[in-house]
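First up is the structure itself, then whatever we jot down about it.
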Amino acid sequence: MAACCGAVRGFLFEYDTPRIVLIRSRKVGLINRAVQLAILAYVIGWVFLWEKGYQETDSVVSSVTTKVKGVTMTNTSTLGTRIWDVADYVIPPQEKNAVFIMTNVIFTLNQSQGHCPELPDDNTECNNNSSCVPGYVSTHSNGIQTGACIPYNSSIKTCEVFAWCPLSSYPVLALLVGVFFPMGRNILPTFSSTYLKNCIYDAQTDPFCPIFRLGKIVEAAGQNFQEMAVEGGVMGLQINWNCNLDRAASHCVPKYSFRRLDNKDSANTVSPGYNFRFAKYYKDSSGIETRTLIKAYGIRLDIIVFGKAGKFDVIPTMINIGSGLALFGVATVLCDIVVLYCMKKRYYYREKKYKYVEDYELGTSETYGTDS
Amino acid sequence: MAACCGAVRGFLFEYDTPRIVLIRSRKVGLINRAVQLAILAYVIGWVFLWEKGYQETDSVVSSVTTKVKGVTMTNTSTLGTRIWDVADYVIPPQEKNAVFIMTNVIFTLNQSQGHCPELPDDNTECNNNSSCVPGYVSTHSNGIQTGACIPYNSSIKTCEVFAWCPLSSYPVLALLVGVFFPMGRNILPTFSSTYLKNCIYDAQTDPFCPIFRLGKIVEAAGQNFQEMAVEGGVMGLQINWNCNLDRAASHCVPKYSFRRLDNKDSANTVSPGYNFRFAKYYKDSSGIETRTLIKAYGIRLDIIVFGKAGKFDVIPTMINIGSGLALFGVATVLCDIVVLYCMKKRYYYREKKYKYVEDYELGTSETYGTDS
Amino acid sequence: MAACCGAVRGFLFEYDTPRIVLIRSRKVGLINRAVQLAILAYVIGWVFLWEKGYQETDSVVSSVTTKVKGVTMTNTSTLGTRIWDVADYVIPPQEKNAVFIMTNVIFTLNQSQGHCPELPDDNTECNNNSSCVPGYVSTHSNGIQTGACIPYNSSIKTCEVFAWCPLSSYPVLALLVGVFFPMGRNILPTFSSTYLKNCIYDAQTDPFCPIFRLGKIVEAAGQNFQEMAVEGGVMGLQINWNCNLDRAASHCVPKYSFRRLDNKDSANTVSPGYNFRFAKYYKDSSGIETRTLIKAYGIRLDIIVFGKAGKFDVIPTMINIGSGLALFGVATVLCDIVVLYCMKKRYYYREKKYKYVEDYELGTSETYGTDS
C-alpha cells in the first residue's frame, strides 16, 4: 500500500528530462541551426503557408444548370430552307451537368418497317440468293437478312433485309456557329444583373462571365471549330472553385477552363468524333408508322465542377505539427554524425556523450570512458 | 576484419538510451503530467475515438434509380381539360441520378417552318423595312430576319423572321401537387415489403422510407412549393451514408436531406428558375411537318449520394500514432522551459541537466558546471 | 547589450545533444535492433514501397462516350413482325456516362385523352356510383375519377377515370441478345485500328478491348441475362485506372469490371428491376392527339470511372518520414521498459540512466543514486 502510494507520488511529482551535452563549437552549432532552419522553413513555409496544411479540405457539392440560345438556318436540296432552334438541336432537351448541341445532321426521311436492299459493303454485296443467310445479322447490319439477293441499284445487288426502309441517307450540314449558353449558377454576387445579361465570356476581358459562345469554347481548347462541328466531339468545361473558407466568401470565385475530352486522333479510336442516332416517329393518315432517322453529330459539353473548400481543422494541423517536430530529430541525428564520426576530436566528444555500462557480472561500470 | 566484426557486434549487442535527470519537484511534475494528459486525451479521445483516425475512408459507389408516380389535370381555354401522367411530365423519361418533373408549361401549338413577325421588343419593333437587316440574328431571336417589316398586330409592326411560326405562346399552368417518387434502392433490409409499399417519407415519423412527396421535399428545404412549381428550380436530394464497416452492416443507414441547388435570388442570376424548350413533331396528311413547342418549367431533382465508409487501416493509424508520439515531445519542451528559465532554482537545474563541453584545444572539459 | 550578444552567440555556436547511456547487453541490444528493424520494414516496405506513401494521389477526370450497335426482331400478334434498331431502343438517345438499352417493352397503342374504366384492383372495383369519388386520385391511379361506376368487362365494374384511354396494355417481348457497344475512349495507343474494330471484350483473351457484348457484361457480373432482360436492371461498368505517373504512361491501362448496381432481391425493393414509361405522340388527320404509351424494361449501364493517379509529392513523403521517425521512439520506450523493469540488474541500470535531483532546499543533489 505504501509502496503503491510512493509509486503514484513518484509518477505525479517527478519530472524526467534528458541530460544534455552542450558542445560549444561554432561549426557544429551552425550546422545544427542551419538544418533546423531548413526544417522550420519547410514546415512553416511550405506545409503551412503554401499548402495550407492546417486546413481540412472538402469537395464541393454543386449543380449546374445550362440554357442554350440561338437559331441557325440550313439550305439543302433534300429539306429545302430550314430553320433550327433550341428545341431542334438540343438532345435530350435537359441533362444533368451536360448539354449536347447538334451541329451536323444526316437525315433519312420517311422510313417505315419493310424489306429493302442492305447498304453495300464487302459482306452484303451478293450475286444470288445463296450468298445471303436468312436471319443473319452482324454488328454493322441495318436489319435482318431475309435470304434474298436483290438489286441495290442498276449495277450492284445486295442482300435484302427486313428493316426501317429505305436505308439510303442524305447528309445535311447544319453548322451552328452562334450558339450561346448561359449557365444559371456560378454567378458572383458582385456583378450587376445587366452585366450578366450582356456579357460574353472571354479569358482576358470577362473571365467571370457565365455566358459562353460555343465557338470560343472550342477554340480556347485549341481545337478547330469547323472540323469539330462536322465530326462531333466532347468538350469539358471545367469550373474550378478553390475556396479558402478561412477568408471572406467574396474571394471564392470560379475559374473556367476548357479541354477536349474525346480522342481526336482517328487512328486510335473505334469511332472518332461524337454522334448518335435517334428518330422522330409519325403516323400517316392510314395509321402506318413512319419515322425520320436522324444521325446527329455535335458537341457534348460536359460540365465538370472541381472544388476544394479548405477550412482550418485541428487534425491535419496536429499531424503536420507532429511530423514536423519529428523531423527536428533529423537535425540532431545529422549533427551527431558530424560530431561523433567526422570531427577531429570525435573521441573526446564520444567520451562526453556516452556513458558505457557493461552487462557482465564482473565488469566494472565504466570501462572505456571517463565520464565525469 | 576484426575491427569490422567489432563494429557489427557493437551495433547488434549494444543499446543506447538517453541519460535522464529525474527532478523531484511537485510543480514541474504536475505540469508535465497535465500537458501529457492533454496530449493523450487529444490523441485518444479526439483523433482516435471521435474522428476515427484509425480508419481509412473510402467513398461510396452508388447508383440510384427513381420512379415517378401520379396524375394531374389542367383546365385551360387553349387545350381544354387535359390529363397529365408520368409519360407526359417526366423529361427525359430516364436519367442517371436525376429526375425532372414538369410542373408548369407554355404551349405553342401547330408551329411550322415559315415567315411571321418576330415577337415585339426594343430591337425588333420597326417602322419600315430599313430597320430590319436580312440575315440578322441575335441571342434572343426566334428566327432569322428576312429584312421586311410587317404588322405584328393592329398597332405594332415588327421585323419578319423565317422561323417555326407562329411564335405566339399560350401559357398553361399545370401544378402537380401530388407527385410521389419511390427510389428503387437505398432500402433497408429491416423493413418489410408492405411497409415500403405504403410509407411516405417524413423527417420525424418515417425517416428511412424511400418514397417521397415532391411537395414535402421542397418544403423540407424551406422553399415555397407553389412558387417553385411556377418558376422551376433544382432541388438536391442528398443521401448520406456514413458507414463504419468495423461495425455491423445494419448500422449503416442512409440519412436524407434536401436543399435547393439553384440560385433563387433573381437579381443575381442570368435566368432564375429552371426551364427548357422541347418540341413534339407531327406530320399532317399532306406530309408537312408541324410541331408543338413546349417550354417546360419544373423541378429537377439531383440525387447526390455522399458516403464515407470507414474501415480500420494500418497507415492512418500509424501516422496518427507517430505524430501523437511526436507531440509528446512538446510536454518535455514546455516543462524544460519552465524548469530552466522560470523557476527560482533554474541555475541549479541547468547544472544538473547540462554538461558543458568546450571545443577549444586548451579548454577544460568542464567549465561552468560541476556535473558530478 | 553584451548579455544579448552572448545569448545570440550561445544560440548560434552551441550544440546540445542528449547524453546517452550505452548498455553493452546482448539481450537488450538484440531486442532494440529487432524492434527498429520491424519499424523500418513497416515504414520502407509497407508505407513507401507497397502503399506508395511518397505519392500524392489525384482522382481522374474522364469522359466516356458510348455507341450502341445491333438490330433485333420481334413477332407479336399486336404489332406483327417488327424490327428494332438503335434509334428505337436507346432512350434517351445520348446520356452522359450511361446508356439505357430497352430489352422488353409493353405497348399501349392509340391512347387519346378521354373517359374509360380504371384498371381493376381492390380500390377501383365498384358496384355503383357511390363507391367512386369525383376528383379522387391515388398513387397508383391512371387518371382522375369522374364519380361514375362503369363496366370494365362483362363481369367487373370499375370507377370511370379521365385519362389517356384505353388503359389496357399488351406486352411485347423484345429480347435484344446481340447488342454491342464500343466506347469511344479508353483506347490504348498500343493497339492497331483494325484490332479495335474487330475485337470483343473477354476477361481472359481480350481484357483491354473496349467493345462489349451486353450479354457478356451481365454474365460477367454473375447475373442471368434472360431474367434481367425481362425485368430490367442497372449494371455498373467500372473502369479502373490506377496510374503511377512516376512510371511510363504505357503502363497506365484500364481494368474493366462489372457488377449489378440495383437490388435484385424483390422482397426488399419498392419496385424490382428497372423500367420507365414514355410516349410517342401522333396527331391524326382531324388534329386529335393520340399517343403510344411505352413501358420500357431494360438494362441501364452506368459507366463509373475510378482512377487514382499517383505522383511523387513532398508533403505525404515528409508526413510519412516524420511519423516513421517518431515511431522509432517506440523502440527506445520498449527497451527502456525491459531494461528498467524486467531485467535482474534493473536497479543497476536505473542508477546509470537516472540522475536524481531533489527540489528541497536542504536536500542534497544526489540522494538515491550514485551517478558516477
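Note on naming: letters A, B, ... go to the chains in the order of the sequence lines (proteins, then strands), and numbering restarts at 1 for each one.
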Start with the C-alpha distance between A:Thr292 and B:Lys283, add both sets of side-chain angles, then the distance that settles side chain to side chain contact (heavy atoms under 4.5 Å, CB included), and finish with yes or no.
CA-CA 11 Å; A:Thr292 298; B:Lys283 257 184 196 165; 3.9 Å; yes

Taking all atoms of both residues into account, what is the closest heavy-atom pair of [X] and [Y], and its distance?
{"X": "B:Tyr281", "Y": "A:Ala87", "result": "OH-O, 3.4 Å"}
{"X": "A:Val71", "Y": "B:Val137", "result": "CG2-CG2, 3.2 Å"}
{"X": "A:Gln94", "Y": "B:Ile91", "result": "NE2-O, 3.1 Å"}

A:Asp88/B:Arg291 salt bridge by N-O under 4.0 Å criterion:
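The answer is yes: the pair qualifies as a salt bridge.
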
Please identify, among A:Val21, A:Ile20, A:Val86, the residue contributing the most non-hydrogen atom pairs under 4.5 Å to chain B.
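Heavy-atom pair counts peak at A:Ile20.
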
Toward chain B, the part of A:Val28 with a non-hydrogen atom under 4.5 Å:
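It is neither, since no heavy atom gets under 4.5 Å.
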
For A:Asn320, is it the side chain, the backbone, both or neither that has a heavy atom under 4.5 Å from a heavy atom of chain B?
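For A:Asn320, neither part sits under 4.5 Å from chain B.
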
Side-chain contact test, heavy atoms from C-beta onward, threshold under 4.5 Å: evaluate it for B:Pro18 versus A:Arg19 and give yes or no.
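No; the side chains remain at least 4.5 Å from each other.
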
Could I get the full list of ring-ring contact (aromatic ring centres under 6.0 Å, His included) partners for B:Phe100, not counting sequence neighbours?
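B:Phe100 satisfies ring-ring contact (aromatic ring centres under 6.0 Å, His included) with B:Tyr274, B:Phe276 once adjacent residues are dropped.
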
Using a 4.5 angstrom heavy-atom cutoff, name the option from [options] with the most pairs to chain A.
{"options": "B:Trp46, B:Tyr282, B:Trp164", "result": "B:Trp164"}
{"options": "B:Ala163, B:Gly135, B:Ala34, B:Ala279", "result": "B:Ala163"}
{"options": "B:Ala296, B:Gly143, B:Ser141", "result": "B:Gly143"}

Would you say A:Lys96's side chain and B:Asn97's backbone share a donor-acceptor pair under 3.5 angstrom?
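Between the backbone of B:Asn97 and the side chain of A:Lys96 there is a qualifying donor-acceptor contact (under 3.5 Å).
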
Which atoms of [X] are under 4.5 Å from chain A, going by heavy atoms: the side chain, the backbone, both sets, or neither?
{"X": "B:Asn142", "value": "backbone"}
{"X": "B:Tyr42", "value": "side chain"}
{"X": "B:Leu30", "value": "both"}
{"X": "B:Val339", "value": "side chain"}
{"X": "B:Lys280", "value": "neither"}
{"X": "B:Val47", "value": "both"}

What residues form a side chain to side chain contact (heavy atoms under 4.5 Å, CB included) with B:Leu340, not counting sequence neighbours?
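Testing B:Leu340 for side chain to side chain contact (heavy atoms under 4.5 Å, CB included), a comparison that skips the adjacent residues, returns B:Asp336, B:Tyr349, B:Arg350, B:Lys353, B:Tyr354.
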
